[in-house]
Asker: 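My structure is below; once you've seen it, I'll send some questions.
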Amino acid sequence: MGFRLILEGEDGLVIVGEASNGAEGVRMAAALKPDVVLMDVRMPIMDGIEATRLITGSGSCSRIIILTTFDLDEYAFAGLQAGASAFLLKDVGPDELVHAVRVVASGDAVVAPRVTRRLLETYVRSLPPHAARPAPDPLLDDLTPREREVLGAIAEGLSNAELAQKFFLSEATVKTHVRRIFTKLHLRDRVQAVVYAYESGLVVPSQGLDY
């Protein structure tokens with residue numbers, strides 16, 4: 001209710017629905033097709049992680065922001081794995097909340113890639129030492145050598161400007177590479193690209209990039 005009051009007072013933002021549990025949220029997202037969903041994790045009937053997985057898995061264009069208590073907690077990690085585009089702390093200030101909704105609605109990511117990388121490395125390192133390394137995703141074979149390099153650099157947390165400098169390219173060319181990577185790998189945004197790089201085994205924590 002507090003978030004709703006904040007967002008309703010902003011020009012250009014319209015609240016189209018409010019759900020009391022995850023299952024209801026999934027149904028409403030399908031019916032109302034919101035641009036952005038603010039998703040709490042702890043809810044009755046169905047938690048926010050499963051609700052996120054179902055919404056993103058349905059092919060919905062809705063982008064999801066997970067609300068968590070700590071920026072490195074297991075729910076933030078699970079939410080990003082489930083397809084969320086960002087996460088925010090529950091005590092986020094009004095201005096930051098509004099900014100996050102607008103940024104995610106525009107197709108960008110709220111969480112800085114470096115924060116996402118830190119989150120993922122924390123949990124990848126927590127896996128048992130004997131845990132099997134993920135098998136390479138066949139979709140990686142669709143990328144050109146340059147696109148693989150760009151994806152690896154995105155996983156390092158580099159911005160488009162930094163990518164352009166690293167590879168001696170124009171920002172327009174970098175944007176083209178990034179767009180093609182997202183299309184080929186069926187990714188929504190940069191946050192999902194970082195998650196993918198770890199899950200596919202392209203990036204190994206604390207060992208740099210593995211091409």
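FYI, the numbering just counts along the sequence from 1.
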Asker: What's the shortest heavy-atom distance between R63 and V104, and which atoms?
Answerer: CD-O, 3.0 Å
Asker: Write down the atom of Q192, the atom of A84, and the distance for their closest heavy-atom approach.
Answerer: NE2-O, 2.5 Å
Asker: For the side chain of T56 and the backbone of A82, is there at least one donor-acceptor N/O pair under 3.5 Å apart?
Answerer: yes
Asker: What distance do M46 atom CE and L54 atom CG have between them, rounded to the nearest 0.5 Å?
Answerer: 5.0 Å
Asker: I want to check something: taking the side chain as every heavy atom from C-beta on, are L7 and V98 in contact at a cut-off of under 4.5 Å?
Answerer: yes
Asker: With E171, which residues qualify under side-chain hydrogen bond (donor to acceptor under 3.5 Å, both in side chains), at least two apart?
Answerer: none
Asker: Kindly list each side-chain donor-acceptor pair under 3.5 angstrom involving residues 86-95, sequence neighbours excluded, with atom names and distances?
Answerer:
residue	atom	partner	partner atom	Å
K90	NZ	D40	OD1	3.0

Asker: Specify the closest pair of heavy atoms between R188 and S85, including all atoms of both residues, with the distance to one decimal.
Answerer: CD-OG, 4.4 Å
Asker: Heavy atoms, side chains only, cut-off 4.5 Å: are L97 and F3 in contact?
Answerer: yes
Asker: Considering all heavy atoms of both residues, which atom of S106 and which atom of V103 are nearest to each other, and what is their separation?
Answerer: OG-O, 2.6 Å
Asker: Please name all residues satisfying salt bridge (charged side-chain N to carboxylate O under 4.0 Å, His left out) with E18, sequence neighbours left out, ordered by chain then number.
Answerer: R4
Asker: Could you give the distance from CG (L139) to CG (L187), rounded to the nearest 0.5 Å?
Answerer: 9.0 Å
Asker: Are the side chains of I154 and L163 in touch, meaning some heavy atoms are under 4.5 Å apart?
Answerer: yes
Asker: Among all residues two or more places apart in sequence or in another chain, which pass the side chain to side chain contact (heavy atoms under 4.5 Å, CB included) test with K33?
Answerer: none
Asker: Which atom names give the shortest non-hydrogen contact between P34 and A29, and what distance separates them?
Answerer: CD-O, 3.6 Å
Asker: Work out which heavy atom in A155 is nearest to a heavy atom in A197; give both atom names and the distance.
Answerer: CB-CB, 3.6 Å
Asker: Does a sphere of radius 6.0 Å around CD in Q165 hold more than 12 heavy atoms from other residues, nucleotides or ligands, not counting ones at 6.0 Å or beyond?
Answerer: no
Asker: With side chains defined as the heavy atoms from C-beta onward, is the minimum distance between L80 and I66 less than 4.5 Å?
Answerer: no
Asker: Could I get the full list of salt bridge (charged side-chain N to carboxylate O under 4.0 Å, His left out) partners for R27, not counting sequence neighbours?
Answerer: none
Asker: Yes or no on side-chain contact (heavy atoms from CB on, under 4.5 Å) for L143 and L185, after CA distance, side-chain angles and deciding distance?
Answerer: CA-CA 9 Å; L143 300 184; L185 300 180; 4.1 Å; yes
Asker: Show me the donor-acceptor pairs, under 3.5 Å and distance only, between side chains in residues 175-182 and residues at least two apart or in other chains.
Answerer:
residue	atom	partner	partner atom	Å
T176	OG1	A172	O	3.1

Asker: Does S60 have any side-chain hydrogen bond (donor to acceptor under 3.5 Å, both in side chains) partners at least two apart in sequence or in another chain, and if so, which?
Answerer: S62
Asker: Report the distance from atom CG of D47 to atom CZ of R42, rounding to the nearest 0.5 Å.
Answerer: 9.5 Å
Asker: Is there a side-chain contact between Y196 and L140, using heavy atoms and a 4.5 Å cut-off?
Answerer: yes
Asker: Under the rule for side-chain hydrogen bond (donor to acceptor under 3.5 Å, both in side chains), what residues qualify as partners of S58, not counting sequence neighbours?
Answerer: none
Asker: Using side chain to side chain contact (heavy atoms under 4.5 Å, CB included) as the criterion, list what pairs up with I45, not counting sequence neighbours.
Answerer: N21, A23
Asker: Checking E24 now: which residues fulfil salt bridge (charged side-chain N to carboxylate O under 4.0 Å, His left out) with it, not counting sequence neighbours?
Answerer: none
Asker: Report the residues that fulfil salt bridge (charged side-chain N to carboxylate O under 4.0 Å, His left out) with R53, sequence neighbours left out, ordered by chain and then residue number.
Answerer: E50
Asker: Tracing side-chain links under 4.5 Å among I, L, V, M, F, W and Y, which residues wind up in one group with V14?
Answerer: V16, M28, L32
Asker: With the side chain counted from C-beta on, respond yes when L158 and F167 share a heavy-atom pair under 4.5 Å apart, and no when they do not.
Answerer: no
